[in-house]
Amino acid sequence: MEVCVCILGIASIVGIAAYKFDFLRNAVFGPYAIPSSDFLAADSASDLSRYWVRITAPPVVETHLRDGSARFRRGIRMRSVSYYWVGRFDDKVLIIQAGGQRLDEGQLLTGFLVDTPKDILAHVALLINPRPKSDIAGTMLVLGDFVDGFTWSIVGGAGIIGGALCIWLLMAVRRAINPSGHKSLQALKGAGLSLEEVSKSIEPEIRGGSSLRLGYSHRLTSEYLIRMGLGFRVLPLRDLLWAYPVSFTHYLLYFIPTFKTHHICLYFADKIIELPLSRKCSGEIMPKLAAITPWTLLGYSRERQYLWDNKRSELAATVAHRRAQVLDEVVRQSKPSGGPWGYR
């Protein structure tokens with residue numbers, strides 16, 4: 001599952017990068033000094049492999065050519081005015097959107113080439129001389145930064161995500177080739193358990209539907225808490241020290257209750273796991289824990305929170321003592337070993 005997700009994510013990023021290859025090439029390599037013959041001969045900016053360019057300002061034919069347009073937005077009439085300069089290259093002219101800047105002949109200009117809009121093309125053809133449209137370059141130079149900070153942040157974020165997916169893929173492939181190196185299996189081995197032994201215990205309950213679903217990816221069986229789906233984790237319930245449910249009431253405008261969400265907090269010896277619960281499961285989880293792990297401390301109290309924060313070893317010793325008492329009672333009642341509480 002992890003391998004499939006990684007491959008799908010990497011393929012998506014590579015596909016987007018291939019689709020925007022020209023944009024990325026221009027952004028990475030930056031502006032370059034383009035010969036005037038190249039962009040004057042191009043009918044469209046797509047004909048050019050590099051359209052973030054640096055050119056020398058030509059002799060100016062027309063200055064501060066204005067194009068105004070009106071539009072309505074939310075019932076309000078809004079008017080925008082753009083300013084253009086027109087420079088002459090040999091027998092053709094180039095429209096330059098300068099954004100109010102003053103241009104001098106011989107000045108070094110940096111901008112990006114775009115297709116000349118039809119309305120601007122017609123406007124210039126009417127106002128200059130007039131000139132036929134064939135004398136006007138098919139591309140227009142827009143001065144300014146080709147890539148802003150926001151775009152760079154998106155590109156950088158995609159690169160970081162792609163790198164993380166590659167690392168995740170390598171780790172998933174390594175675990176698939178050598179599963180014994182997985183940290184969950186190492187933890188099981190350290191606890192004296194094997195994967196085959198755990199599998200024999202959990203498979204009948206998961207297939208038979210007797211396990212309890214916690215959140216989106218965890219299952220609670222009679223002996224283990226298992227994480228399935230993206231990632232794999234097996235935690236023996238004999239190591240569960242403390243558990244309590246939590247309910248949150250969500251309010252609208254701070255005083256109108258709208259809905260509740262339910263969670264379960266599970267405290268193991270070295271970690272805390274908080275999982276969301278459905279309303280039905282929230283009423284079943286505590287009785288089930290009381291039945292399968294009677295030594296676990298159930299319910300919240302400030303005293304237990306203090307022990308967890310400051311005297312965790314004392315809390316673990318208390319639970320270990322309770323578990324030993326439960327197992328001694330099992331032995332006295334002559335129940336077979338290897339029961340639902342993990343007595344071995």
Side-chain angles (χ1 to χ4, degrees), residues 14-71 78-159:
V14 171
I16 295 173
Y19 178 70
K20 293 292 186 179
F21 178 74
D22 287 340
F23 172 83
L24 293 175
R25 177 168 52 184
N26 281 270
V28 171
F29 290 102
Y32 85 111
I34 183 174
S36 59
S37 57
D38 289 357
F39 63 81
L40 292 176
D43 296 327
S44 172
S46 59
D47 297 337
L48 301 170
S49 59
R50 302 276 298 275
Y51 44 80
W52 189 11
V53 298
R54 184 181 293 116
I55 65 173
T56 302
V60 176
V61 176
E62 183 72 26
T63 62
H64 280 72
L65 182 67
R66 296 199 310 170
D67 175 64
S69 60
R71 58 191 175 90
M78 305 180 68
R79 182 173 180 81
S80 60
V81 179
S82 300
Y83 293 91
Y84 301 89
W85 294 63
V86 181
R88 183 178 66 252
F89 285 92
D90 299 330
D91 58 342
K92 282 198 173 186
V93 297
L94 174 70
I95 303 173
I96 304 172
Q97 182 175 338
Q101 300 181 40
R102 176 179 176 80
L103 302 184
D104 298 316
E105 183 178 349
Q107 178 182 348
L108 192 62
L109 305 178
T110 301
F112 50 95
L113 295 167
V114 298
D115 294 342
T116 305
K118 293 182 180 179
D119 55 340
I120 302 300
L121 188 64
H123 192 61
V124 172
L126 287 175
L127 293 181
I128 300 179
N129 290 335
R131 304 178 69 97
K133 293 183 180 180
S134 59
D135 288 351
I136 303 175
T139 56
M140 179 177 73
L141 180 65
V142 180
L143 301 186
D145 293 331
F146 174 66
V147 183
D148 55 13
F150 178 73
T151 305
W152 275 122
S153 65
I154 294 177
V155 173

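Being a predicted model, the structure only gives us computed values, none of them experimental. All values below come from the heavy atoms of this structure, side chains included, with hydrogens, waters and symmetry mates left out.
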Would you compute the distance between atom CG of L141 and atom CG of L109 and round it to the nearest 0.5 angstrom? 6.5 Å
Tell me every residue that passes side chain to side chain contact (heavy atoms under 4.5 Å, CB included) with T110, counting only those two or more places apart in sequence or in another chain. P31, W52, R54
Do V53 and F112 pass the side-chain contact (heavy atoms from CB on, under 4.5 Å) test, and can you show the C-alpha distance, the side-chain angles, and the key distance before you say yes or no? CA-CA 6 Å; V53 298; F112 50 95; over 6 Å; no
Sequence neighbours excluded, which residues qualify as side-chain hydrogen bond (donor to acceptor under 3.5 Å, both in side chains) partners of D38? none
Could I get the full list of side chain to side chain contact (heavy atoms under 4.5 Å, CB included) partners for V14, not counting sequence neighbours? I10
